[in-house]
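Both ligands and their constituent atoms are indexed starting at 1 by order of listing.
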Amino acid sequence: MSTIAAIGTATGSSGINIIRISGKDSLNIINKIFSNKDKLCPNEIHYGKIIYNGENVDNVLVSYFKAPNSFTGEDIVEINCHGGTYIAKNILEIVLKCGARLAGPGEFTKRAFLNGKMDLSEAEATIDLINSKTNLEARIASSQMSGKLKDDIVSIRSKMIDILAHIDVNVDYPEYDYEQLSNDNISIFLEEEINRLKKLLSSYEEGKVIKEGVNVAILGRPNAGKSSLLNNLAQEDRAIVTDIEGTTRDVISETVNIGDLILNIFDTAGIRESKDEIEKIGIEKSFKILDKVDLVLYIIDPGKEIDEEEKNILSKIENKGLKIIYLINKMDKYEKTIFDTILNEINQNEEKEVILISAKENLGIEELKNRIKQMFLKDFLNNTSENVIVNSRHKDLIQKSLDMLFKAKEEINNSVPIDMVSISIKESARLLGQIIGEDIDLDVAKRVFDKFCIGK
Ligand SMILES: Nc1nc2c(ncn2[C@@H]2O[C@H](COP(=O)(O)OP(=O)(O)OP(=O)(O)O)[C@@H](O)[C@H]2O)c(=O)[nH]1
Ligand SMILES: [Mg+2]
């Protein structure tokens, strides 16, 4: 296998950069260009110069990790050079001239996987960790990187393999005095495995929220304060705010972090009967956005009564079955009695989720943020010890593996011969194994590592 090299850090105006070399020629290459090559020994870091064609290129620190005790399982040399765009690229070019080839995306991690340094789910967690946007996302990636998901998958899978072995003995060596598995025994086993897989699968909804965020639409009548709320949450003047009704014409989106939760917020055109062509299109979009959101923040302006038109709008939104928080805005401006009247109106049919706020004066906004976090992070606020599926490849494989167990269960119920049932269980175990990279298709591995950046 060829020796690869890449810059492992983001180039730019930083203090240092790191050039990483992995493969059997790593030591030969550094020996050609490092002034202190004689001192190099594994797991130590040495100061010296990179010298090429008789010229001093940079003063550097060089470390050497001897195979198999390195990240990739191969000989690795790392050169810490000075920051900036020029130096690191220059040294990389010299390393390439001395015999390395430029690494592809994720190629170091791919080698670590191929050399058994990590399983595929741990490799995927590495990219998740690098791409984490919140503390919680990083925590989940980090726990997966240390093998937590792998442990669960291996444990479920090894149960399947045990039962398959038992079935094989029963079928192939009926003459042996070995406990015969009854259909009831197998059904109990299948039920347990199904429940474990179901539990993992159900964590994906929360995992997806943590990774991709919650899609939130801000809806309401013109002038209710929708854009003011967006600006408040984004902490910048993202949308134009005026006291002219119909200011926002198009959907404005912004991504905001509230603690560990990412909100993808859509501010919309105020909904009303309008003859203006442009505004009408905007209003259509306000309703359309409902197809892709998880939460609606419906803003009410206490200065206007909830008339028939607004009631119609509300029932249209409520019929979508989405989560809704009603926000009575402008609490800085109106008397409390008005809020009580509106609360009664909103809660007429059933108790709703209502918060009083002032988007302009930043009142009630913390309560709103906490409420959203409770809605979507639920268990995570108290407990993050359970495995959480965040990767759609893992989710798909768990689903397929689960389907195979359901098939096996049905076969047992229909008294299908046990060696046929074992084919379904075997397929279920095979699919599960692909999460950790067992029996993995090379195309799949390529797709996983292509998502990495170069240098990792
Ligand atoms: N007093 C007070 N005024 C507010 C508050 N929120 C918004 N406003 C004012 O209400 C007016 C309308 O605010 P916007 O945020 O533009 O309302 P909008 O819902 O986006 O309106 P459209 O885009 O026209 O649908 C502006 O004059 C804001 O300053 C609030 O909490 N208190
Ligand atoms: Mg607006």
Side-chain angles (χ1 to χ4, degrees), residues 215-256 258 263-290 292-293 295-314 316-318 322 324-343 345-346 352-372:
N215 291 340
V216 185
I218 308 180
L219 258 70
R221 307 269 271 158
N223 255 2
K226 300 179 292 301
S227 301
S228 303
L229 178 65
L230 173 74
N231 291 348
N232 181 310
L233 293 171
Q235 302 212 318
E236 62 168 306
D237 284 339
R238 179 67 184 84
I240 299 171
V241 168
T242 73
D243 56 6
I244 302 165
E245 295 198 345
T247 299
T248 307
R249 298 294 186 93
D250 212 339
V251 176
I252 299 173
S253 61
E254 185 65 42
T255 297
V256 171
I258 53 167
L263 301 184
N264 307 308
I265 306 178
F266 301 94
D267 175 25
T268 60
I271 303 168
R272 65 171 168 182
E273 278 295 324
S274 172
K275 296 210 161 30
D276 182 307
E277 276 307 311
I278 302 172
E279 194 180 349
K280 265 161 74 178
I281 297 171
I283 293 168
E284 265 173 41
K285 283 193 179 180
S286 303
F287 279 115
K288 243 188 168 151
I289 206 86
L290 291 175
K292 66 169 188 182
V293 298
L295 170 69
V296 174
L297 300 179
Y298 188 86
I299 307 211
I300 294 166
D301 185 343
K304 292 171 195 152
E305 65 163 324
I306 300 182
D307 57 13
E308 276 311 305
E309 192 183 359
E310 184 149 34
K311 281 183 187 153
N312 283 337
I313 296 167
L314 278 171
K316 219 167 157 180
I317 296 171
E318 284 163 2
L322 293 161
I324 307 177
I325 300 179
Y326 298 82
L327 300 172
I328 307 178
N329 192 24
K330 311 192 184 184
M331 69 182 286
D332 57 299
K333 190 173 165 187
Y334 294 100
E335 292 291 326
K336 193 179 170 297
T337 48
I338 296 189
F339 299 128
D340 292 341
T341 317
I342 295 174
L343 273 172
E345 283 261 12
I346 299 173
K352 308 270 171 48
E353 191 86 49
V354 189
I355 302 173
L356 295 189
I357 63 160
S358 166
K360 194 172 169 188
E361 300 300 331
N362 197 34
L363 302 170
I365 303 295
E366 271 316 298
E367 189 185 341
L368 170 63
K369 288 180 183 172
N370 287 335
R371 197 59 211 105
I372 298 176

Could you pull out, from [options], the option with a heavy atom nearest to [atom]?
{"atom": "atom 29 (O) of ligand 1", "options": "Val241, Asn231, Ile328", "value": "Val241"}
{"atom": "atom 26 (C) of ligand 1", "options": "Ile218, Thr242, Leu229, Leu363", "value": "Thr242"}
{"atom": "atom 10 (O) of ligand 1", "options": "Lys333, Lys330, Met331, Lys226", "value": "Lys330"}
{"atom": "atom 17 (O) of ligand 1", "options": "Ala239, Gly225, Gly303", "value": "Gly225"}

* To do: Determine whether any heavy atom of Thr268 lies closer than 4.0 Å to an atom of ligand 1.
  =>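 So Thr268 does not count as touching ligand 1.
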* Quick one: does Gly220 get within less than 4.0 Å of ligand 1, heavy atoms only? ->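 Flag not set, Gly220 not near ligand 1.
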Which pairs of donor and acceptor atoms, one on a side chain in residues 354-367, lie under 3.5 Å apart (sequence neighbours left out)?
unit_1 : atom_1 : unit_2 : atom_2 : d
Ser358 : OG     : Asp332 : OD1    : 2.9
Ser358 : OG     : Glu361 : N      : 2.9
Asn362 : OD1    : Asn232 : ND2    : 3.2

* Residues which pass salt bridge (Lys or Arg N to Asp or Glu O under 4.0 Å) with Lys352, listed by chain and number, not counting sequence neighbours ->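 Only Glu318 meet the salt bridge (Lys or Arg N to Asp or Glu O under 4.0 Å) criterion with Lys352.
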* Asked: What atoms of ligand 1 come closer than 4.0 angstrom to any heavy atom of Gly270?
  ->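 By the 4.0 Å cutoff, the relevant atoms are 25 (O).
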* To do: Among all protein heavy atoms, pick the one closest to atom 32 (N) of ligand 1 and tell me residue, atom and distance.
  =>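 Looking only at protein heavy atoms, the one closest to atom 32 (N) of ligand 1 is Asp332 OD1, 2.8 Å.
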* Below 2.8 Å of the Mg ion (ligand 2), tally up the protein N/O/S atoms for me. =>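 My tally for this metal is 2.
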* Taking non-hydrogen atoms only, is Thr247 closer than 4.0 angstrom to ligand 1 via side chain, backbone, both or neither? ->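 Answer for Thr247: both.
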* To do: With heavy atoms under 4.0 Å as the rule, classify the contact between Ile244 and ligand 1 as side chain, backbone, both or neither.
  =>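 Within the 4.0 Å criterion, Ile244 contacts ligand 1 through backbone atoms alone.
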* Give yes or no for whether the N/O distance cutoff of 3.5 Å, strictly under, is met between Ile357 and ligand 1. =>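 No, since none of the N or O atoms of Ile357 sits under 3.5 Å from an N or O of ligand 1.
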* For Thr337, enumerate each residue passing the side-chain contact (heavy atoms from CB on, under 4.5 Å) test, keeping only those at least two apart in sequence or located in another chain. =>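 Thr337 satisfies side-chain contact (heavy atoms from CB on, under 4.5 Å) with Glu335 only.
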